[in-house]
Amino acid sequence: MIEVEDFFDLFFFRPLGFLLIKLIYRTEITPNQLTYTSLVMGLIAGILYAKGTPYYFCLGALFFVLYNIFDCSDGQLARLKKNGTHAGRIIDGIADYLVTLAVFVGIGIGYGNKRSNPGFWWFLILLLIVSSVIQAILVDYYRNRFLDNVLQRKSTFEEDLDIYKAELEALKNQKNKALDRTIIRIYLKYCAIQDRIVPKGNKEKTLVASPEVYYNKNKIIMRLWVLICSSSEITALVICSVFNRLDLFFWIVLVGFNGFAAILWIIQRRIDQSFKLAE
């Protein structure tokens, strides 16, 4: 649904990813290979940022853009060729976290260490990482809840668990699938721990609303939530890198995005309170 799509992904990164798919569609390249390529591009971006000069900041930004293009292409290829794997989805998520960490650490080394007070800048880097994680969790949560209610689908968390359990069962007796089995087992254990952390009695109650009513009340704020998606953060970093203003990037994320997220959270709570809760 267009309401849950980030602007920069929808109109820039994903179309470029699709052009890449058109070029390689008839080759033997797999979605997982694209995921690994995106990971390499992202790690190179982190290394380039660690060099600490305006020239390398621009190169780092270029490779960060390439990372996101490849990151958008693996899922598209999997859907077109119908050859994606559930383990590949997990690997894709892991790659995103590794690249984000690599780039932020690179910025700390290349930019923070060259300031007069590097400790302060590393503290901001830590806040940047925490902020990015929290923002991603909020956007993903409200995006999935929006889709669950509007499309009247089963909770994606429960649905994913069922899918991965079935996949693990199907892979038990297949050769050369040890890595996939291991990845899925780790993911299922992680989900089990995550599920235990939230006490059963405190889990969010179901909102009572028809899909049409829920959509009408949440469509605008959903469009606002996705403005702080990861691709918006990537775009902001790329622009600031080109102009050698990484300090401005810190302000954008720590003050702008966090402040915007706080305002949206308050508005979202008021919208939620307008619904009745299931008994």
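The residues of the chain are indexed from 1 along the displayed sequence.
- Within the model, atoms CD1 of Ile186 and CD1 of Ile90 stand 9.0 Å from one another, a figure rounded to the nearest 0.5 Å.
- Closest of all the heavy-atom pairs between Ser241 and Ala61 is CB-CB, 3.8 Å.
- Checking Gln268 against Asp272 by side-chain atom types alone, a donor-acceptor pair falls below 3.5 Å.
- Legend: salt bridge (Lys or Arg N to Asp or Glu O under 4.0 Å) pairs involving residues 127-144, not counting sequence neighbours, sorted by first then second residue: Asp140-Arg143.
- Annotation: side chain of Phe250 is in contact with side chain of Ile125 (closest heavy-atom distance under 4.5 Å).
- Side-chain contact between Tyr36 and Ile91 is present, with heavy atoms from C-beta onward closer than 4.5 Å.
- A donor-acceptor contact shorter than 3.5 Å is absent between the side chain of Thr100 and the backbone of Tyr97.
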Working for side chain to side chain contact (heavy atoms under 4.5 Å, CB included), residues Ile2 and Arg223: CA-CA 8 Å; Ile2 192 69; Arg223 289 177 184 269; 3.6 Å; yes

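- Two rings, from Phe64 and Tyr67, have their centers less than 6.0 Å apart.
- Under the 4.5 Å side-chain criterion, counting only non-hydrogen atoms from C-beta, Asn32 is not in contact with Asp74.
- Between Val65 and Phe13 there is a side-chain heavy-atom pair separated by less than 4.5 Å.
- Side-chain atoms of Phe7 and Phe12, non-hydrogen and from C-beta on, never get closer than 4.5 Å to each other.
- Annotation: side chain of Val213 is in contact with side chain of Phe275 (closest heavy-atom distance under 4.5 Å).
- Distance check, rounded to the nearest 0.5 Å: CZ of Phe70 to CD of Gln33 gives 11.5 Å.
- Taking a 6.0 Å sphere around CD1 of Ile220, one finds it holds 12 or fewer heavy atoms contributed by other residues, nucleotides or ligands.
- The shortest side-chain heavy-atom distance between Asp9 and Asn68 falls under the 4.5 Å cut-off.
- Between Val99 and Ser38, the closest heavy-atom pair is CG2-O, 4.3 Å.
- Atom CD1 of residue Ile44 and atom OH of residue Tyr49 lie 13.5 Å apart, to the nearest 0.5 angstrom.
- Under a hydrophobic clustering in which Ile, Leu, Val, Met, Phe, Trp and Tyr are joined whenever their side-chain heavy atoms come within less than 4.5 Å, directly or via other members, Phe11 and Leu19 fall into the same cluster.
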Does Ile228 form a side chain to side chain contact (heavy atoms under 4.5 Å, CB included) with Glu233? I'd like the steps, not just the answer. CA-CA 7 Å; Ile228 55 173; Glu233 189 174 284; over 6 Å; no

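- Put simply, the residue from Val103, Leu101, Ile107 that forms a side-chain contact (heavy atoms from CB on, under 4.5 Å) with Val105 is Leu101.
- To the nearest 0.5 Å, atoms CG (Leu151) and OH (Tyr214) are separated by 11.0 Å.
- Atom NZ of Lys81 has more than 12 heavy atoms from other residues, nucleotides or ligands within 6.0 Å.
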Phe57 vs Lys51, side chain to side chain contact (heavy atoms under 4.5 Å, CB included): CA-CA, chis, key distance, verdict: CA-CA 8 Å; Phe57 289 159; Lys51 297 289 185 180; over 6 Å; no

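- Note on ring orientation: taking the six-membered ring where Trp is involved, the planes of Trp121 and Tyr111 are perpendicular (angle over 60°, cut-offs 30° and 60°).
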Go through the steps to decide whether Ser230 and Asp96 satisfy the test side chain to side chain contact (heavy atoms under 4.5 Å, CB included), and finish with yes or no. CA-CA 10 Å; Ser230 59; Asp96 291 341; over 6 Å; no

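- Phe63 is not connected to Ile47 by any chain of hydrophobic side-chain contacts under 4.5 Å among Ile, Leu, Val, Met, Phe, Trp and Tyr, and they are in different clusters.
- At least one side-chain heavy atom of Leu237 sits under 4.5 Å from a side-chain heavy atom of Leu246.
- Between the Ser232 side chain and the Leu227 main chain, a donor and an acceptor come within less than 3.5 Å of each other.
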